[in-house]
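Presented below is the structure to which this report refers.
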Amino acid sequence: MVKHWKKGILPVLAAILVLSLAACSGSPSASNGGKSSDGTGGSGSDSKQVNATALAKAIKNDKAPIKGGIINYALVSDTPFEGILNPVFYEGNPDFEVFQFFYPSMFSIDSNLNIDNKGAATISFSPDNKAVTVKIDPKLNWTDGNPVTAEDYAFSYEVIGHKDYEGPRYDSFMTNIVGMEDYHSGKAKTISGIKVLNEKEVTIHFKEPNPSVKSGLWSTPLEKKVFQNIPVKDMAGSDPVRKNPIGYGPFKIKSMVTGESVEFVKNEDYFHGVPKLDGLHLKVVNPNVITEALKSGEVDWASYPTTRYNEASNPKNVQFLGQEELSYSYVGFKMGKFDQAKSLNIMDPNAKLANKSLRQALGYALNNEQVGKQLYHGLRTPATSLVPPAFKGYHDVNAKGIAYDPDKAKKLLDEAGYVDTNGDGYREDPKGKELVLHYAAMSGDATAESLAKFYLQNWKDVGLHVELVDGRLLEFNSFYDRVQKDDPGIDIFGGAWSTGTDVNPSGLYGRGASFNYSRFTSEENDKLLQEGVSVKAFDDNYRKDIYNQWQAYMSEEAPIVPTLFRYSLEAVNNRVANYDITRGKEYDADTFANITLTAEKAEVAQ
C-alpha cells in the first residue's frame with residue numbers, strides 16, 4: 001500500500017527553507033556553514049508519502065530469460081568512489097558498493113542477521129563458546145586461480161592486528177582474540193589464538209565467549225600470496241587494493257576507471273556455479289540525473305534516492321524494491337581526539353560541545369519528523385535510538401530518543417547558562433563569550449543543502465549560532481577525511497552509519513574505536529558495551545536488556561544524536577528477473593549470481 005502526500009505540505013517546507021536561506025545570507029555575522037552518504041536525492045515536488053512497509057522486496061518478471069547479457073548498474077553519488085576496493089581497508093560505503101560484486105563476505109546471514117552457514121564458509125562453536133572454527137568451501141578460489149585458504153583468512157587478522165595497520169577495524173572484538181594484544185604490541189610475532197588446522201579450516205580462540213561472533217565474525221580473507229611482501233602500512237595504497245583488486249565473488253574486474261566506472265565479467269569459477277549474466281557494468285551517476293538514466297534505459301539498476309520517489313511520476317519501465325536499512329543518520333558533536341599511537345579516544349573537557357545540556361539542546365531543536373515526511377516521503381522517520389529497527393531483537397521500541405521539542409531545548413540552554421547577553425539574537429556561552437558552532441554537512445544535491453540549512457534554521461530558532469564549515473557542503477570523501485582527523489574547525493557533523501549485521505556498537509562507540517568520531521568515552525559506556533558481549537549476553541533477553549540500557553544512556557549523554565531511520569530503495573529495469581532483496585533469503589553473492597535478463601535491451605520509459 002502506498003500512502004500519498006497531502007497537497008500543500010511541501011510548500012510549507014519550502015517556505016521554511018526559504019526563511020532559512022534568508023536568515024543565513026542575511027545575518028551579518030554568518031559565514032561558515034557512511035560511513036554512508038547522507039545527502040542524496042532531489043526535490044520532493046508535490047509527491048506523496050509512502051507506506052514503506054508495503055514496498056516490494058522481489059522483482060516480478062515471468063518472461064523467459066535470455067542467455068547471458070550485461071546489466072548496467074549505477075552507483076548513485078555526486079562524488080567519485082575513493083577506490084579502496086578491499087574490505088580490510090575501505091571506509092566509505094561507495095567503495096563497498098563496488099567490491100560487493102567481486103569481494104563479498106564469506107558468510108551468509110538469516111533473517112535474524114545471524115550466520116546461517118549457507119555461504120562460502122561455515123562456522124561451528126566449541127562447547128564453551130570460547131572458540132569458533134571457520135571452514136571455507138573447498139571450491140572457493142580467488143579469481144587469480146589460487147584457492148581461498150585458511151592461511152588467507154588468518155592473514156586478514158594478522159594485518160588488522162598489526163601495529164602499522166591504520167584502518168578502523170582493530171577494535172574490542174579483535175582484542176578479545178587470545179594473543180592479539182601481544183601481537184599488536186610487538187611482544188609476539190604471531191596471534192596465538194588463531195590456529196590454522198588445514199588448508200580450509202581455522203580456529204579462533206577468544207579470551208571470553210562473545211555473542212557477537214554469531215553475527216559479526218570478521219568475514220573476509222586477504223590473499224597472503226599477494227600481500228605478504230607488501231608492508232602493512234603500504235597495503236591500503238597498493239596496486240592489489242587500488243588498481244588490480246581480486247576477489248572470489250560472482251564477478252571479476254575486467255577494467256576500471258578509478259572513481260568513475262568498473263567493467264565486470266562473470267567469474268566462471270564462482271564456487272556456487274557460473275553466474276547467469278555475462279557481466280555487469282558499473283558507473284557513477286549523479287543523483288540529479290539518475291531518474292533520466294533509468295527512464296532512458298541507460299541504467300538497469302540503482303539504489304534510488306528516497307527524495308525522488310513519487311508513485312505518480314516514477315519511471316514506469318522500472319520496478320521499485322525497498323526495505324529497512326541497517327543504518328541511520330545522525331548529527332555528532334566533537335569532544336576530543338583519537339590518539340592513533342594508543343588507539344584510544346581522548347575527550348577534551350574544554351571542547352565547545354563538552355556540555356551535555358548544549359548537546360541535548362542541539363538535538364531537541366531538530367524537527368526530524370518534518371524532514372522525514374517532507375523531504376523523504378515517509379521513507380525516513382525520526383530516529384529514537386542508536387539501534388535501528390531492522391535489528392528487531394534489540395531495537396528498543398519504547399525508546400523516545402531526543403525528539404523535536406524546541407521549548408525544552410531553550411529551557412536546557414537557559415538552565416545551563418547559555419543566554420543572549422548582548423541582544424544580538426544568539427546565545428553566548430556560560431562565560432558570556434560569543435558561541436559560534438561549525439557544522440560539517442555532506443553534499444549531495446539540492447536536498448542536501450536544503451536539509452543542512454533547515455537544521456541551521458532549527459538551531460537558530462532556539463538561539464544557537466551555527467554555521468556551515470567553510471560556508472558550504474563538503475563532498476563525501478573530504479567530509480569523512482576531516483571528521484576522522486578531528487579537524488579543529490568542526491564542532492558538529494552530520495553523517496550516517498551502516499551498521500553491518502552485528503548489533504554490538506563497540507566498533508562505532510567504544511573507547512578504542514577510531515570510528516567513534518565524537519570521541520566520547522565514559523566508564524558507564526565501557527561497562528555497558530562490555531556487558532553486551534559478555535558470557536551472560538549469550539542469553540538474548542539479557543543482551544536485549546543491556547542494549548536497552550545502552551540506548552537510553554547514549555540518548556541521555558548525547559555524544560551524537562540519531563536523526564533519521566532509513567528505508568532503502570532500489571530501482572530495477574523491467575527486463576531484470578530473479579532479483580530478491582529479502583534479507584536472509586539466500587547468500588548475498590548468490591543473489592547477484594542468479595540475476596537474469598529477459599531482453600537484450602533495457603526497457604525504455606514511454
Side-chain angles (χ1 to χ4, degrees), residues 2 40-42 47 50 52 54-77 81 94 97-98 100-102 249-251 254 260-266 274-323 325 377 379 567-583 585-586 588-606:
V2 176
T40 58
S47 62
V50 178
L55 289 166
K57 291 185 173 58
I59 290 294
K60 294 181 179 177
N61 183 355
D62 297 328
K63 296 177 183 176
I66 64 171
K67 184 177 180 181
I70 302 292
I71 193 169
N72 295 304
Y73 179 86
L75 194 171
V76 181
S77 174
F81 58 87
E97 208 166 331
V98 176
Q100 65 177 332
F101 296 114
F102 72 94
F251 297 98
K254 178 181 179 183
E260 299 179 9
S261 63
V262 183
E263 185 176 345
F264 294 100
V265 295
K266 63 183 176 184
V274 180
K276 304 296 191 298
L277 297 171
D278 290 328
L280 182 151
H281 292 176
L282 175 151
K283 67 176 181 179
V284 175
V285 177
N286 190 288
N288 289 323
V289 299
I290 185 58
T291 302
E292 291 306 314
L294 286 162
K295 284 182 176 178
S296 69
E298 175 187 346
V299 165
D300 289 298
W301 176 22
S303 293
Y304 195 72
T306 50
T307 50
R308 291 185 175 275
Y309 188 86
N310 180 345
E311 189 181 44
S313 61
N314 283 339
K316 303 305 180 189
N317 62 325
V318 301
Q319 298 179 42
F320 287 88
L321 309 179
Q323 66 179 341
E325 290 188 50
H377 307 179
L379 290 165
Y567 281 82
S568 63
L569 287 177
E570 294 186 45
V572 187
N573 192 275
N574 287 335
R575 74 166 177 150
V576 177
N578 294 331
Y579 184 53
D580 188 333
I581 64 170
T582 303
R583 199 166 279 138
K585 183 172 183 179
E586 63 181 340
D588 283 351
D590 289 351
T591 302
F592 300 144
N594 291 331
I595 291 175
T596 59
L597 301 176
T598 59
E600 294 288 346
K601 294 184 178 179
E603 189 173 311
V604 176
Q606 300 299 312

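Since the structure is predicted, the reported quantities are computational estimates derived from the model, not experimental observations. Numbering starts at 1 and runs along the sequence shown.
- Between Leu280 atom CG and Asn72 atom CG the span is 8.0 Å, to the nearest 0.5 Å.
- Residues meeting the ring pair (Phe, Tyr, Trp, His ring centres under 6.0 Å) test with Phe320, sequence neighbours left out: Tyr304, Tyr309.
- Counting all heavy atoms, side chain and backbone alike, Ala74 lies closest to Glu97 at O-OE2, 4.1 Å.
- Between Ser77 atom OG and Glu260 atom CD the span is 12.0 Å, to the nearest 0.5 Å.
- Across Asn61 and Asn574, no two heavy atoms sit closer than the pair ND2-O, 3.0 Å.
- Residues satisfying the salt bridge (charged side-chain N to carboxylate O under 4.0 Å, His left out) criterion with Lys316, sequence neighbours excluded, are absent altogether.
- Looking at Asp580 and Ile59, their side chains never come closer than 4.5 Å, going by heavy atoms from C-beta outward.
- Rounding to the nearest 0.5 Å places OG of Ser303 at 8.0 Å from CG of Leu75.
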Determine, stepwise, if the pair Tyr579 / Asn594 fulfils side chain to side chain contact (heavy atoms under 4.5 Å, CB included).
-> CA-CA 7 Å; Tyr579 184 53; Asn594 291 331; over 6 Å; no
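- What you find for Gly297 and Ala602 is that their closest heavy atoms are O-CB, 3.5 Å.
- Residues Ile290 and Pro305 meet the side-chain proximity criterion, which asks for heavy atoms closer than 4.5 Å.
- No side-chain heavy atom of Lys295 sits less than 4.5 Å from a side-chain heavy atom of Gln606.
- The neighbour count for Lys57 NZ, taken as heavy atoms of other residues, nucleotides or ligands under 6.0 Å away, is above 12.
- Atoms CG and CZ, on Leu282 and Phe251 in that order, are 11.5 Å from each other to the nearest 0.5 Å.
- Between the CG atom of Asp590 and the NZ atom of Lys585 there is a distance of 12.5 Å, given to the nearest 0.5 Å.
- Contact record, Gln323 with Ile581: NE2-O, 3.2 Å, taken as the closest heavy-atom pair.
- Between Arg575 and Lys601, the shortest heavy-atom contact is CD-O, 3.4 Å.
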Under the side-chain hydrogen bond (donor to acceptor under 3.5 Å, both in side chains) criterion, do Thr591 and Glu586 qualify, and how do the steps go?
-> CA-CA 7 Å; Thr591 302; Glu586 63 181 340; 3.3 Å; yes
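- In this structure, Val576 and Ile71 have side chains that are in contact, with non-hydrogen atoms separated by less than 4.5 Å.
- Legend: residues meeting ring pair (Phe, Tyr, Trp, His ring centres under 6.0 Å) with Phe101, ordered by chain and number and at least two apart, are Tyr73, Phe264, Trp301, Phe592.
- Atom CD in Glu298 sits 10.0 Å away from atom CD in Glu292 (nearest 0.5 Å).
- The minimum heavy-atom distance linking Ile66 with Ala599 is given by the pair CD1-O, 3.5 Å.
- In this structure, Leu569 and Leu379 have side chains that are in contact, with non-hydrogen atoms separated by less than 4.5 Å.
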Check step by step if side-chain hydrogen bond (donor to acceptor under 3.5 Å, both in side chains) holds for Asn317 and Glu603.
-> CA-CA 6 Å; Asn317 62 325; Glu603 189 173 311; over 6 Å; no
